[in-house]
Asker: 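I'd like to ask you about the structure that follows.
Values below: all heavy atoms of this structure, side chains included; hydrogens, waters and symmetry mates excluded. Model, not experiment: these values are computed from the prediction. By convention here, the first residue in the shown sequence is residue 1. In each ligand, atom 1 is the first atom listed, and ligand 1 is the first ligand listed.
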Amino acid sequence: MTNTTFKPCDLVIYGALGDLSKRKLLVCLYRLEKHNLLEPDTRIVGVDRLDESNESFIGIAHTSLLAFLNHEIDETIWQKFSQRLSYLKIDLTQPEQYKQLAGVLDPEQRIMVNYLAVAPFLFKNICHGLQSSGVVNADTRLIMEKPIGHDLPSSKEINDVVAEVFHEDQVYRIDHYLGKETVLNLLALRFANSIFTTNWNHNTIDHIQITVGEDIGIEGRWEYFDKTGQLRDMLQNHLLQILTFVAMEPPADLSAESIHSEKIKVLKALRPITERNVEEKTVRGQYSSGYINGKAVPGYLEETGANTSSTTETFVAIRADIDNWRWAGVPFYMRTGKRTPNKRTEIVVNFKQLPHNIFKDSFRSLPANKLVIHLQPNEGVEIMMLNKVPGIDGNIKLQHTKLDLSFSETFKNSRIFGGYEKLILEALRGNTTLFLSREEIEQAWIWIDSIQSAWSKNRITPKAYPAGSWGPLASVALLARDGRGWEE
Ligand code: BG6
């Protein structure tokens with residue numbers, strides 16, 4: 001994690017004219033340039049099937065930055081950045097066309113980092129095309145985006161194809177949540193602070209909540225989303241990844257091997273949710289029309305391109321249990337949805353109530369401490385605790401207060417980078433710690449497939465919730481049954 005030496009890399013983006021490349025990758029690369037984080041020799045090669053020249057591709061990159069960078073383009077930085085860009089026209093389904101790569105790249109002297117920003121059905125073609133063109137060697141890297149399959153068999157199929165050409169340590173599977181500053185801060189919080197290391201278990205923690213809500217709806221990708229659903233789109237990856245960081249045992253060090261192996265143990269210890277308990281452990285929801293920030297928005301079935309009989313979920317709430325020594329009896333409640341009242345990603349660690357209360361004048365029952373970790377929009381950590389209200393009137397009066405560590409306030413001079421920027425940089429540095437191993441992804445699918453199949457066998461269809469709310473009432477009931485409530 002501390003390796004800061006760059007080697008000359010050629011970052012080859014397959015699908016360079018696509019949405020992901022234009023909206024995210026080029027913008028992130030420009031930002032890295034701006035902060036002098038790209039090694040001087042790094043080159044960026046866009047690959048796609050349309051007939052573009054180097055010049056026209058550079059023009060497309062400029063237009064993308066104008067559209068998606070939320071500040072002005074700095075001319076000096078752009079000049080430097082645009083000199084790194086070139087374009088190759090390759091029909092990715094035609095193996096012989098990959099030979100062109102050999103004419104542009106120099107895999108003996110430079111590291112080839114291949115970014116698959118394309119639909120998964122092309123992964124196989126690309127792996128085989130690269131292999132047959134002779135450009136792959138032990139230094140070559142492959143970056144893959146989710147979805148890596150839609151269930152265990154399809155994920156295995158993709159991973160098998162990749163494994164024919166690349167060793168596991170050459171493969172960088174991205175979950176952009178792992179590049180978010182606060183997810184990484186979990187490692188620091190948990191393993192560098194004794195107040196947390198010693199209290200991070202069933203003795204002191206009552207339960208943990210993970211919330212990932214987005215006020216946006218489906219944003220023109222109804223067809224993709226409808227085949228996927230919120231369970232596979234968000235929970236299988238982002239929420240389970242957060243869960244592993246919260247729940248894992250202390251790794252021996254920060255190496256990819258140590259971190260991956262601890263995360264896998266958590267995923268393996270997740271208690272299966274099956275037809276027998278799916279109704280009491282999960283809630284499926286689908287948004288109907290409603291209001292977000294006072295503005296009327298359509299329901300999921302009224303979105304452009306919608307199939308009006310769809311039963312795909314846009315909201316999921318789950319009670320997960322981790323069957324190991326540390327977490328026995330501590331539920332992890334996770335919820336994620338589209339069209340929630342606002343964008344909010346947070347982890348709330350609820351500590352146990354104290355066994356006896358000597359401050360009955362202030363509270364009949366003492367509220368328990370909480371640690372709230374905000375991932376977005378405002379990164380930071382808060383501890384909810386009780387303090388005495390200053391005064392000399394004889395009574396001790398307590399008040400609920402918070403210790404607030406907002407990152408933007410505390411680290412005023414540090415820029416907080418986005419997940420993609422961090423991860424692209426780590427891939428260029430050759431550090432796989434923040435990427436997912438094959439086993440992690442497959443283990444996550446095992447748990448998710450069981451829920452998906454239980455929903456379908458028990459014919460559990462989503463309950464409607466109005467856009468602008470935190471899901472169906474059943475989500476409240478999920479916690480209320482255990483005598484708890486969501487953090488609001
Ligand atoms: C993506 C999902 O992985 O994450 C999208 O496919 C979702 O549906 C997005 O909107 C959320 O990412 P972020 O970083 O905005 O929370």
Asker: Ring centroids only, cut at 6.0 angstrom: are Tyr333 and His207 within range, meaning strictly under it?
Answerer: yes
Asker: Taking atom CD as the centre, does Glu275 end up with more than 12 heavy-atom neighbours from other residues, nucleotides or ligands that are less than 6.0 angstrom away?
Answerer: yes
Asker: Trp78: which residues meet the ring-ring contact (aromatic ring centres under 6.0 Å, His included) condition with it, sequence neighbours left out?
Answerer: His62
Asker: Write out the protein residues near ligand 1, meaning a non-hydrogen atom under 4.0 Å from one of its atoms, in order of chain and number.
Answerer: Lys146, His176, Tyr177, Lys180, Glu214, Arg221, Asp233, Met234, His238, Lys338, Lys343, Gln376
Asker: For the ring pair Phe315 and Tyr465, is the centre-to-centre distance below 6.0 Å?
Answerer: yes
Asker: For a 4.5 angstrom cut-off between non-hydrogen side-chain atoms, does Phe245 reach Leu187?
Answerer: yes
Asker: Would Arg232 pass as a cation-pi partner of Trp445, given that its NZ or CZ must be under 6.0 Å from the six-membered ring centre and within 45 degrees of the axis?
Answerer: no
